[in-house]
Amino acid sequence: MASARAVIRPPADRWVVFAALSGAVAVAATGSAIASRTTNFTLSSTLSHTRVLPHRIHWLGRPSLPPSKVREVDFLIDGRRSWIEHHAPYSYGYDGNYLVTSWLGPGLHRFTVVAVATSGRRATVSSRARTASPKAPPAALAGTWQRRLSSAEARGSAPTGIWTLTINSVGWRILDPTRRRGALIDVAYFPRAAIEARGGIATRDHDPRENNLWCDESFEPVRYRWHVSGNRLSLALAGARRCDGQSRVWAGDWTRH
């Protein structure tokens, strides 16, 4: 084992240890930041100083290398790689989108960013933060709904056939008639039976049944009004038509399944 020499200089609010081990430099700090390991470039995470995460938050990794020298930036949650980004800005869940925490269990989680240089060198920064329980949707909306989309309604913007919508505390999950593609979307609830479909939710790296099928970069919020009568859910567009024909699938009558 190689020998190590450490010099400790304790500032008022944190300590830093520089250790000469195989040419690596390790930095550790108190608070939410856990560790950053690198060879000859640095890396930061926008979550490093956040101890309690809101419902949604931008999460970016920022390597000190120019983009031409970065092969990829990986985002891990509790040790599992949940997103890979190859182009700057290195953002979790597409540019301008958010890390939506509704799918995470309430409690303490570890959020790690790994930057991989084109040379193969790596830098890692990790932190811990707490998440809260997500809010449940209105009881009348919760559950699974289906809608048959006709060619006249789709107008070439979406596959025809039976679409499936599942609404719960995570978000709105929509599957197309093949059930191989879809979306998992963060939805906000407003008074007077209004909702806003926001960006996509990512729990796995570029999963074809997650995120926002209609607009990922950059997402555009779309508002609807809803009404439930018996086993029928009616959605009506309540604003600008955005997101590449999203409303052609959403707006209309859905039947409880």
Side-chain angles (χ1 to χ4, degrees), residues 56 82-86 91-100 102-103 134 136-190 192-257:
R56 63 176 187 165
S82 300
W83 194 260
I84 303 173
E85 192 60 73
H86 295 279
S91 173
Y92 185 96
Y94 293 109
D95 296 351
N97 211 337
Y98 294 83
L99 164 63
V100 178
S102 58
W103 61 279
L141 284 175
T144 300
W145 308 82
Q146 288 188 335
R147 179 182 183 221
R148 182 178 294 276
L149 188 69
S150 67
S151 56
E153 293 168 319
R155 298 184 187 180
S157 64
T160 59
I162 296 176
W163 287 71
T164 303
L165 165 64
T166 300
I167 302 173
N168 55 31
S169 59
V170 174
W172 287 34
R173 183 182 293 278
I174 297 182
L175 294 177
D176 75 0
T178 70
R179 303 187 70 83
R180 291 191 297 268
R181 286 186 57 81
L184 181 57
I185 296 179
D186 181 30
V187 172
Y189 301 96
F190 298 108
R192 299 180 182 178
I195 63 168
E196 183 176 81
R198 295 178 171 175
I201 301 173
T203 73
R204 298 178 181 85
D205 179 48
H206 293 82
D207 190 317
R209 305 205 306 174
E210 294 185 351
N211 297 294
N212 191 327
L213 176 65
W214 295 274
C215 54
D216 276 321
E217 292 183 354
S218 61
F219 78 92
E220 298 175 298
V222 184
R223 291 203 172 192
Y224 299 86
R225 291 199 180 277
W226 62 272
H227 175 74
V228 173
S229 177
N231 290 326
R232 176 165 295 182
L233 164 64
S234 298
L235 291 173
L237 188 66
R241 186 184 298 275
R242 296 171 172 167
C243 270
D244 192 25
Q246 179 196 83
S247 60
R248 298 194 188 283
V249 174
W250 286 47
D253 292 334
W254 298 75
T255 303
R256 191 177 292 277
H257 181 64

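Just so it is clear, the values below take in all heavy atoms, side chains as well, and ignore hydrogens, waters and symmetry mates.
Side-chain atoms of Asp205 come within 3.5 Å of backbone N or O of Ile84 as a donor-acceptor pair. A distance-only check finds a donor-acceptor pair linking the side chain of Arg209 to the backbone of Arg179 [under 3.5 Å]. Proximity of a side-chain donor or acceptor of Ser229 to a complementary backbone N or O of Arg232 within less than 3.5 Å is not detected.
Listed by chain and residue number, nothing satisfies the side chain to side chain donor-acceptor pair (under 3.5 Å) test with Asn168 (two or more places apart in sequence, or in another chain).
To the nearest 0.5 angstrom, Thr203 atom OG1 is 8.5 Å from Asn211 atom CG. Distance NE2/His206 to OG/Ser82: 12.0 Å, rounded to 0.5 Å. For the atom pair CD1 of Ile185 and CD1 of Ile195, the computed distance is 9.5 Å after rounding to the nearest 0.5 Å. Here the straight-line distance linking atom CG of Leu99 with atom CG of Asp186 works out to 10.5 Å at 0.5 Å rounding.
Exactly one of Trp163, Trp145, Tyr224 qualifies for a ring-ring contact (aromatic ring centres under 6.0 Å, His included) with Trp250. That residue is Tyr224.
The shortest distance between side-chain heavy atoms of Phe190 and Arg223 falls below 4.5 Å. Considering only heavy atoms from C-beta on, Ile167 stays 4.5 Å or farther from Trp254 through its side chain. Arg241 has its side chain out of reach of Gln246: every pair of non-hydrogen atoms, C-beta onward, lies at least 4.5 Å apart. Counting only heavy atoms from C-beta outward, the side chains of Arg56 and Ser102 never approach each other to under 4.5 Å. Contact annotation: the side chain of Leu165 never approaches that of Arg147 to less than 4.5 Å [non-hydrogen atoms, C-beta and beyond].
Ring geometry for Tyr92 versus Trp83: interplanar angle of 30 to 60°, hence tilted.
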